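Notes for the one structure printed next.
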Amino acid sequence: QVQLVESGGGLVQAGGSLRLSCVASGRSFSSYAMGWFRQAPGKEREFVAAISWNGADTYYADSVKGRFAISRDNAKNTVYLQMASLRPEDTAVYYCAAQSSGRIYYGRNYYSRGSEYNYWGLGTQVTVSS
C-alpha cells in the first residue's frame, strides 16, 4: 500500500510558475513509476507526465511538453512537477499516482491511462488566471 499526498497548488497568473510536490509513504517508493494527471471541471482526467522508478525515463503529454518537468527524489519519497509558462487551460485538480511496474512504458506504449496506475493521491488545485 502506498499513500500519496500532493501539495503546492494555488492561484497563479498566466505565464507564472508553480511546483507541485507529492510525498509518498508506505511501501517502497523507489520501486514505483510515478505519474501526474489532471482533471478540469466538466472534463475527463488526463495524463500530464510520468517518470520511471529511477528517474531515467520521463514522458509528457503534448500539451505540457517544454513547459512542465517531472522529477523525483527517492531519498525524500517525493515526486515533483515543475510547471512554467502556465496557461488558463492548465487550471485543474492535479493528482499524483504510483505505478507498480516501475517503468513508464511497455513495448511501444506509455503508461498514460489512469487505469494503469495503482495508487492515487487526493489532488491539489491549480488555478491559472488570465
Side-chain angles (χ1 to χ4, degrees):
Q1 190 77 10
V2 176
Q3 294 80 40
L4 303 172
V5 179
E6 303 93 337
S7 63
L11 175 63
V12 64
Q13 289 188 334
S17 300
L18 278 176
R19 189 177 79 158
L20 305 183
S21 299
C22 172
V23 179
S25 60
R27 295 180 62 185
S28 179
F29 169 77
S30 61
S31 69
Y32 286 83
M34 299 297 296
W36 285 97
F37 290 75
R38 66 187 182 186
Q39 187 167 19
K43 294 187 177 181
E44 293 187 353
R45 181 177 56 193
E46 65 173 352
F47 171 81
V48 175
I51 188 166
S52 60
W53 68 276
N54 60 356
D57 299 310
T58 58
Y59 176 62
Y60 298 91
D62 288 343
S63 59
V64 306
K65 201 173 295 183
R67 299 188 298 123
F68 291 11
I70 188 170
S71 61
R72 66 188 298 161
D73 184 341
N74 286 343
K76 295 182 178 179
N77 281 9
T78 303
V79 61
Y80 304 98
L81 186 67
Q82 180 68 50
M83 305 186 295
S85 302
L86 283 162
R87 306 166 180 168
E89 54 264 40
D90 294 318
T91 295
V93 177
Y94 282 72
Y95 300 90
C96 72
Q99 206 273 91
S100 61
S101 79
R103 305 185 307 272
I104 63 169
Y105 59 87
Y106 55 101
R108 296 183 178 181
N109 300 306
Y110 285 92
Y111 287 115
S112 59
R113 293 179 293 184
S115 59
E116 294 169 328
Y117 287 74
N118 306 98
Y119 302 102
W120 293 81
L122 296 180
T124 186
Q125 176 70 47
V126 172
T127 303
V128 184
S129 63
S130 56

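Computed from heavy atoms alone, side chains included, the values below leave out hydrogens, waters and symmetry copies. Positions are given from 1, in the same order as the sequence printed here. What you see is a predicted model; the values in this text were computed from it and never measured.
Between Trp36 and Val79 there is a side-chain heavy-atom pair separated by less than 4.5 Å. Side-chain contact between Leu4 and Met34 is present, with at least one heavy-atom pair separated by less than 4.5 Å.
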When you look at Gln1 and Tyr119, which way does the side chain to side chain contact (heavy atoms under 4.5 Å, CB included) test go after all the steps?
CA-CA 8 Å; Gln1 190 77 10; Tyr119 302 102; 3.7 Å; yes
With side chain to side chain contact (heavy atoms under 4.5 Å, CB included) as the test, would you mind laying out the steps for Ser52 and Arg103 before giving the verdict?
CA-CA 5 Å; Ser52 60; Arg103 305 185 307 272; 5.7 Å; no
Go through it in stages, so that I can follow the logic: the residues are Leu18 and Leu86, the test is side chain to side chain contact (heavy atoms under 4.5 Å, CB included), and I'd like the CA-CA distance, side-chain angles, deciding distance and then a yes or no.
CA-CA 8 Å; Leu18 278 176; Leu86 283 162; 4.2 Å; yes
Could you walk me through whether Phe47 and Tyr110 pass the ring pair (Phe, Tyr, Trp, His ring centres under 6.0 Å) check?
CA-CA 11 Å; Phe47 171 81; Tyr110 285 92; 8.3 Å; no
Please determine whether side chain to side chain contact (heavy atoms under 4.5 Å, CB included) holds for the pair Ser71 and Gln82, giving the CA-CA distance in whole Å, both sets of side-chain angles, and the decisive distance to 0.1 Å.
CA-CA 8 Å; Ser71 61; Gln82 180 68 50; over 6 Å; no
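One hydrophobic cluster holds both Val128 and Leu20 under the rule that ILVMFWY side chains link at heavy-atom gaps under 4.5 Å. Under the 4.5 Å side-chain heavy-atom criterion for ILVMFWY residues, a single connected hydrophobic cluster contains both Val126 and Val64. Note on Tyr80 and Met83: separate hydrophobic clusters, where clusters join Ile, Leu, Val, Met, Phe, Trp and Tyr whose side-chain heavy atoms are under 4.5 Å apart, directly or indirectly.
In this structure, the side chain of Asn118 engages the main chain of Ser100 through a donor-acceptor pair within 3.5 Å. A donor-acceptor pair is defined here as one N or O able to donate and one able to accept, closer than 3.5 Å; no such pair exists between the side chain of Thr124 and the backbone of Ser7. At distances below 3.5 Å, not a single donor-acceptor pair connects side-chain atoms of Thr127 with backbone N or O atoms of Leu11. One N or O on the side chain of Glu6 and one on the backbone of Cys96 form a donor-acceptor pair closer than 3.5 Å. For the pair Asn54 (side chain) and Ser30 (backbone), a donor-acceptor distance under 3.5 Å is absent. Tyr60 contributes a side-chain N or O that, together with a main-chain N or O of Ile70, makes up a donor-acceptor pair within less than 3.5 Å.
Relative to the ring axis of Phe29, Arg72 places its NZ or CZ within 45° and under 6.0 Å from the centre.
Taking the ring centroids of Phe37 and Trp120, they lie under the 6.0 Å cut-off.
Atom CD of Glu89 sits about 8.0 Å away from atom NZ of Lys43, to the nearest 0.5 Å. With values rounded to the nearest 0.5 angstrom, Ser85 atom OG is found 7.0 Å from Arg67 atom CZ.
Nearest heavy-atom pair across Pro88 and Ser130 is CG-CB, 3.8 Å. The minimum heavy-atom distance between Val2 and Ala24, with the atom names listed, is CG1-CB, 4.1 Å. Here the closest non-hydrogen pair linking Ser21 and Thr78 is CB-CG2, 4.3 Å. Closest non-hydrogen pair, Glu116 versus Gln99, comes out as O-CG, 3.0 Å. The two residues Ala92 and Gln125 make their nearest non-hydrogen contact at O-NE2, 3.4 Å. For the pair Gly123 and Val93, the tightest heavy-atom approach, listed with the atom from each and the gap, is CA-CG1, 3.9 Å.
For Asp90 and Arg87, the salt-bridge test fails: no basic side-chain N is under 4.0 Å from an acidic carboxylate O.
Sorted by first then second residue, the ring pair (Phe, Tyr, Trp, His ring centres under 6.0 Å) pairs that include residues 85-106, not counting sequence neighbours, are Tyr106-Tyr111.
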